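Nothing here was measured: the structure is a model prediction, and the numbers come from that model. Along the sequence shown, the residues carry numbers beginning at 1.
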Amino acid sequence: MSYDLEQENKEILARYKDLISNTYRTLDEENNKLIRKAFDIALDAHKDQRRKSGEPYIYHPIAVAKIVATEIGLGATSIACALLHDVVEDSDYTYEDLKKIFGEKIANIVNGLTKISIMNHQNISVQSENYRKLLLTLSEDFRVILIKIADRLHNMRTLESMTPDKQKKIASETVYIYAPMAHRLGLYNIKSELEDLSLKYNNPDVYTEITEKLELAKESRERYIEEFKKEVSEKLHEEGLNFKIKGRAKAISSIYRKMLKQGVSFEEVYDNYAIRIIYKSDAKNEKFLAWKIYSIVTDVYHSNPSRMRDWITQPRSTGYESLHLTVLGPDKKWIEVQIRSERMDEIAEKGVAAHYKYKEGYKQSSEDRNFENWVTEIREVLEQQQNLSTSELLDNIKLNLYSKEVFVFTPKGEIKILPTNATALDFAFSVHSDLGMKCLGAKINGKLVPISYVLQNGDQVDILSSQNQKPKSDWLEFVVTSKAKSKIKSYLNSQKNQLVEEGKEILQRKLRHAKINFNDEEVNKLQKFFNLKTSQELFLKFQSNELDASSLRKYIESKNVFNNLLSRFRKSPSKNTAFVEPKEQNLDMIVFGKDEEKLNYSYAKCCTVIPGDKIFGFITISDGIKVHSDNCPNAINLRAQYDYRVIPAKWVNAESFKNRVKIEIEGLDRMGMINDITTVISGAMGMDMKSMSIESNDGIFTGTINLEVKNKSQLEQTFKKLNSINGVSKVRRL
């Protein structure tokens, strides 16, 4: 493919100038020089590289840097790191090189980003192990996570050039971990866009339908907002307020969630857009003016008191501040109104990054400390739960990513922020781990309650403890915070460590006898095979003799079957033909993979599959291939964690497959070989080639081709012609 390099160089410079135009007003000359130096290094490192779309690769780091600068609001160091984020992974530049050029701080951030990027390319037994390591980077430098979210956002915005399977894998991973992370960091706009883009690729029909309906309703929505502004603005101007009013449609994914949750159509979702009133104020009058505007709006329109949310008196732990109210606006339609100052709006748009200590000119606030406490808690959970399966660990942490909050008070009147449904025991652990371990009960507003009491907003909590109290396993049934769960599990696990070690030694001996290496990957496979949640359970069952040599033999037999099946569906090189959706009617048979193979399968119980549905296969360890619907509630989790075990599947007409033959061909690879093969099959023999998979390794090619033949004579003639091609050494029917 030819490229206009001169035009591309002009475009690269234009994009860089656009980036700088968004930063030069806020950064001094030294910082702008730093960004220029980072750009020059990135340009050199990526000079010969292109994205899947064919564009120069440097477009990507420039775009990520712009997101970091304008949408997240970070400073020069983070912008430079965004420009450099793929340099170590994709070029000859090393960590040591960056350290010499930019110093240790920038080199360490880029190194953290490189670790995450490399992990995302690996197919390890539990892909969510990547997320454990992703969260661990919080303890290294928080900017790593922010830049990684910017990187993921740009990748999602440019996902069109990827194959459909890759799109679904990346979209599932995005909605599984990156969107919740953006939510917890207060990056609500980015979180919404990540969820919308994930829906676009995971459920394109729904995405398109809602998008089109929002577009059709745009004119009436704008008319409605103008009417609201006209009625309210007059009253606000009378009070001498400096403000602006703007409207926005709710996120597509948010509307879809409401449709599912409430069981209603798009037209029945009554609050699919919101109005925001943003006012100018000095620090002293911020709260006063917010409530003044609230009073004016509710004088004009009736409000729904049950939907009132006051995030100004007590901000969220991310620092989010705003008054939310729902009013019966023009035409007697319910609409959400958000009231916030310009400062509050910046924090709402930029999240923690808007006032985090890394950003120049800001002092650390109580919200920063709240966030740092959350980071510390995550770090403690990761350190305490080394033996916990990563999926369970991630589920625990995700509860705290998306959870709503409850505000309670210590006996001294200090505020504690905990997730909704947190108990008195969660509160005890949040104060101090030792207090949680010895917690006997609590006094809530002076009244004695059990440790399982669910906290309510405004409760004053006084914990009662005893030196004789020890954690119990049933505590895990009602605590909700990661810290409490991890501390309780850590204690309970320590009680059975000796038995676990004994079981581990027994398993090691049995594996050694079976000539199988004992390692983490093998233990994880055994754990999944026996349907156990942790490796500790596995070792304990061998220690108690619930699992023995005969159990191990069953695992070894299934392991051989699984490996043979999985190897048939490894991803092939780019020469493979695309997997095309069937066009036949009377679809009554399922085939798998790019070669459209007929294999044994069963239907998953978590979803309903009917002929013609979009489907995929999932290779289980002990139960063969399970067929899931694309809309299966578990589809996103399966693709996000175990994408390497997901195989393409489709419905076909069994009648159209009765004359299909699969052949294998191999020989010496050379330029034009594929063209010669297809010329024989499609040209000389006039045969219909249903699929073709060719891979080359060290000059030798092997391939499989699915053909539709009329009779045996035609197939024999085809074999003769294929064998006569220069370089072909073998052709056989499979």
Which residues share a salt bridge (Lys or Arg N to Asp or Glu O under 4.0 Å) with E71, sequence neighbours left out: R157
Taking the side chain as C-beta and beyond, is there a heavy-atom pair between [X] and [Y] under 4.5 Å?
{"X": "L547", "Y": "L538", "value": "yes"}
{"X": "M156", "Y": "Y178", "value": "no"}
{"X": "F530", "Y": "K541", "value": "no"}
{"X": "M308", "Y": "L323", "value": "yes"}
{"X": "E537", "Y": "T534", "value": "yes"}
{"X": "V327", "Y": "V297", "value": "yes"}
{"X": "Q543", "Y": "V500", "value": "no"}
{"X": "H183", "Y": "E195", "value": "no"}

Worked verdict on L418 versus V480 for side chain to side chain contact (heavy atoms under 4.5 Å, CB included): CA-CA 9 Å; L418 293 164; V480 300; over 6 Å; no
Set of residues satisfying ring-ring contact (aromatic ring centres under 6.0 Å, His included) with respect to F228, sequence neighbours excluded: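 With neighbours one apart ignored, the set is Y301.
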By ring-ring contact (aromatic ring centres under 6.0 Å, His included) - contacts of Y207 (at least two apart): none
Test item: [X] side-chain N/O and [Y] main-chain N/O as donor-acceptor pair under 3.5 Å:
{"X": "Q338", "Y": "R276", "answer": "no"}
{"X": "D462", "Y": "K443", "answer": "no"}
{"X": "D426", "Y": "V479", "answer": "no"}
{"X": "Q460", "Y": "F409", "answer": "no"}
{"X": "K416", "Y": "S430", "answer": "yes"}

Considering non-hydrogen atoms only, spot the tightest contact between [X] and [Y] and give its length.
{"X": "A348", "Y": "Y188", "value": "O-CD1, 3.6 Å"}
{"X": "A274", "Y": "I335", "value": "CA-CG1, 4.4 Å"}
{"X": "C607", "Y": "S629", "value": "SG-N, 3.4 Å"}
{"X": "G436", "Y": "L425", "value": "O-CD1, 3.6 Å"}
{"X": "F542", "Y": "G503", "value": "CB-O, 4.1 Å"}
{"X": "A171", "Y": "S198", "value": "O-OG, 3.2 Å"}

For the [atom1] atom of [X] and the [atom2] atom of [Y], what is their distance to the nearest 0.5 Å?
{"X": "D310", "Y": "E321", "atom1": "CG", "atom2": "CD", "answer": "10.0 Å"}
{"X": "F618", "Y": "R639", "atom1": "CZ", "atom2": "CZ", "answer": "10.5 Å"}
{"X": "I488", "Y": "M437", "atom1": "CD1", "atom2": "CE", "answer": "8.0 Å"}
{"X": "M181", "Y": "L194", "atom1": "CE", "atom2": "CG", "answer": "12.0 Å"}
{"X": "L153", "Y": "L187", "atom1": "CG", "atom2": "CG", "answer": "10.0 Å"}
{"X": "I170", "Y": "L197", "atom1": "CD1", "atom2": "CG", "answer": "12.0 Å"}

Over 12 foreign heavy atoms within 6.0 Å of CG, N545: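 Atom CG in N545 is packed in, count exceeds 12.
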Within 6.0 angstrom of K504 NZ, more than 12 heavy atoms from elsewhere: no
L455 vs I444, side chain to side chain contact (heavy atoms under 4.5 Å, CB included): CA-CA, chis, key distance, verdict: CA-CA 9 Å; L455 300 171; I444 305 294; 4.0 Å; yes
Criterion side chain to side chain contact (heavy atoms under 4.5 Å, CB included) on T423 and I451, from CA distance to verdict: CA-CA 7 Å; T423 61; I451 58 177; over 6 Å; no
Results of side-chain hydrogen bond (donor to acceptor under 3.5 Å, both in side chains) for T410 - residues two or more places apart only: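 Residues passing side-chain hydrogen bond (donor to acceptor under 3.5 Å, both in side chains) with T410: none at all.
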Q456: partners by side-chain hydrogen bond (donor to acceptor under 3.5 Å, both in side chains), with sequence neighbours left out: none
Flag for R307-T326: side-chain donor and acceptor within less than 3.5 Å: yes
Pair S192, N189: side-chain N/O donor-acceptor within cut-off below 3.5 Å: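 N189 and S192 do not have a side-chain donor-acceptor pair below 3.5 Å.
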Stepwise side chain to side chain contact (heavy atoms under 4.5 Å, CB included) check, S535 with Q527: CA-CA 6 Å; S535 57; Q527 178 187 316; 3.9 Å; yes
Pairwise salt bridge (charged side-chain N to carboxylate O under 4.0 Å, His left out) hits with a residue in residues 277-297, at least two apart: E239-K292, K280-E342, E286-R343
